[in-house]
Amino acid sequence: MADSAIEVLTRALSGHGINEKAMIDTLGNWDHEHKKLFRIKSSHIFSEDERSFERWQEHAMRLLKHEFMRFKNAVVLWTTHPWERDARLVREALSKGNHGQNINILIEVACTRTSDELLGARKAYHSLFDHSIEEDVASHINAPERKLLVALMSAYRYEGPKYKEELAKSEAEKLARAIKEAGSKKSSLIEDDEVVRILSTRSKHFLHVLYNHYKKISAGRSIDEDLDWDLKLQDAVLCLANPVKYFTHILEVSLKVDADKKVKKVLTRIIVTRADKDMKEIKIEFKNKFGVSLEEKIESVCNGSYKDFLLTLLARSD
């Protein structure tokens with residue numbers, strides 16, 4: 001068997017998703033000796049057992065299972081009603097602990113949906129799980145983020161264009177003072193009453209204006225840049241005031257070849273949930289920031305039906 005066949009199969013099993021056609025074309029023509037040689041040469045997948053056979057490594061089997069399911073999960077997420085989708089995303093995040101991507105999912109749902117979309121997710125959560133999102137967030141999250149997350153999940157914001165310019169400027173100055181003081185001590189603001197009040201009650205339009213005022217009074221630095229020591233609060237601010245910047249950043253992280261399985265899941269979630277929202281703006285920001293289009297990046301990293309499905313969803317915003 002030529003080494004090129006092994007290389008084809010290795011590429012088919014690498015990255016995000018599985019290249020099903022390459023696997024079928026290659027594996028379907030292999031006999032016993034071909035498969036044995038593949039196992040011997042694929043030390044990252046197989047290891048030599050003490051009883052003289054090449055055995056699957058457990059982590060490789062789990063990884064392959066995840067990659068085969070990636071396309072199915074994307075289809076299920078896409079076809080699910082948005083209220084149910086968000087309710088199930090929140091439930092899964094709460095069941096997996098108070099850290100990393102789990103907190104990010106809660107922040108995304110609470111901060112990037114419209115008031116009616118978030119209310120719909122809360123209604124769906126009632127129907128599906130016989131609890132409220134708010135009570136489950138309060139009982140499952142034992143981290144400092146709990147206070148802010150409960151407030152964000154409970155919000156029903158005004159979504160009109162009206163706001164008071166002087167009030168936005170005043171609260172930008174208030175945030176600037178609080179961030180400067182907390183930054184000097186490297187202490188978190190995520191439980192600060194005024195910060196929680198502003199982020200959980202003000203309209204998105206108001207917060208966008210506040211975000212711009214902050215930049216003017218902070219020598220061109222944005223709120224999120226000044227919160228680089230308080231990452232979850234930084235994510236909440238970005239999701240509320242500049243979601244395109246937030247989604248662009250986490251898409252880039254999720255598309256790294258060496259991303260772990262939890263980070264890879266971000267790609268499916270963001271493409272599916274933003275496809276009919278702000279994906280056009282996200283694609284422009286991605287190209288400007290990283291010098292390559294989001295489509296080109298997915299083409300180079302993803303495989304098979306999963307890749308084709310993501311590219312089809314991206315094309316909806318053309």
Side-chain angles (χ1 to χ4, degrees), residues 76-94 101-129 131-138 145 148-164 167-168 171 195-212 223-224 232-251 266 268-285 313-314 316-317:
V76 170
L77 208 60
W78 176 250
T79 54
T80 302
H81 190 289
W83 294 2
E84 180 182 359
R85 181 195 63 211
D86 283 345
R88 291 192 182 278
L89 284 172
V90 168
R91 180 72 167 191
E92 182 182 13
L94 289 173
Q101 286 301 318
N102 302 323
I103 297 293
N104 278 79
I105 290 171
L106 304 181
I107 290 172
E108 287 170 25
V109 171
C111 298
T112 67
R113 284 23 171 191
T114 67
S115 294
D116 284 335
E117 287 168 346
L118 179 56
L119 180 61
R122 288 158 60 186
K123 289 178 178 179
Y125 200 94
H126 290 178
S127 296
L128 293 167
F129 308 116
H131 287 259
S132 72
I133 286 183
E134 301 92 323
E135 69 177 302
D136 276 0
V137 170
E145 293 87 358
L148 177 62
L149 288 171
V150 171
L152 291 172
M153 284 292 186
S154 305
Y156 189 82
R157 301 172 192 273
Y158 165 68
E159 296 200 330
K162 296 181 179 180
Y163 67 95
K164 293 182 178 179
L167 183 57
E171 293 197 341
V195 172
V196 171
R197 177 189 65 79
I198 292 169
L199 295 184
S200 63
T201 63
R202 295 305 186 190
S203 72
K204 302 277 185 70
H205 191 65
F206 180 97
L207 291 172
H208 182 72
V209 173
L210 182 153
Y211 186 88
N212 290 332
I223 300 177
D224 48 289
K232 293 310 171 190
L233 185 57
Q234 180 188 62
D235 289 339
V237 168
L238 273 178
C239 281
L240 287 165
N242 196 347
V244 168
K245 182 177 179 179
Y246 168 83
F247 287 124
T248 299
H249 169 69
I250 63 171
L251 276 173
V266 172
T268 304
R269 184 175 81 244
I270 302 312
I271 298 297
V272 167
T273 60
R274 309 316 296 177
D276 290 338
K277 298 293 183 181
D278 47 8
M279 186 52 68
K280 185 173 184 177
E281 293 78 9
I282 291 170
K283 291 195 294 187
I284 292 170
E285 178 76 6
L313 293 183
L314 287 181
R316 295 171 64 86
S317 58

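Remember, it's a predicted structure, so these values are computed and weren't measured experimentally. Every heavy atom of this structure was used, including side-chain atoms; hydrogens, water molecules and symmetry mates were not.
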### Pairs meeting criterion side-chain hydrogen bond (donor to acceptor under 3.5 Å, both in side chains) with involvement of residues 233-243, two or more places apart
Asn104-Asp235
### Message
Would the distance check show the side chain of Glu145 and the main-chain N or O of Lys232 forming a donor-acceptor pair, the cut-off being under 3.5 Å?
### Response
no
### Query
What is the minimum heavy-atom distance between Trp78 and Ala275, and which atoms define it?
CZ3-CB, 3.8 Å
### Query
Minimum heavy-atom separation for Leu199 to Leu240, with atom names?
O-CD1, 3.5 Å
### Query
Side chains of Asp224 and Tyr246: do they bring a donor and an acceptor to under 3.5 Å?
no
### Query
Which residues satisfy the side-chain contact (heavy atoms from CB on, under 4.5 Å) test with His126, sequence neighbours excluded?
Ser132
### Task
Classify the angle between the aromatic ring planes of Tyr211 and His208 as parallel (below 30°), tilted (30 to 60°) or perpendicular (above 60°).
parallel
### Task
Go through the structure and list residues passing side-chain contact (heavy atoms from CB on, under 4.5 Å) with Glu171, not counting sequence neighbours.
Leu167, Arg197, Ile198, Arg202, Phe206, Leu210
### Query
For the residue pair Arg113 and Glu108, what are the closest heavy atoms and their distance?
NH1-O, 3.7 Å
### Query
Among Glu281, Lys277, Lys283, which one satisfies side chain to side chain donor-acceptor pair (under 3.5 Å) with Ser317?
Lys283
### Message
Does this structure show an ion pair linking Glu117 with Arg85, if we count only N-O contacts that are shorter than 4.0 Å?
### Response
no
### Message
Closer than 3.5 angstrom, by distance alone: can the side chain of Thr112 be matched with the main-chain N or O of Val109 as a donor-acceptor pair?
### Response
no
### Message
Looking at Glu92 and Arg88, is there a salt bridge between them, counting it only when a charged N and a carboxylate O are closer than 4.0 Å?
### Response
no
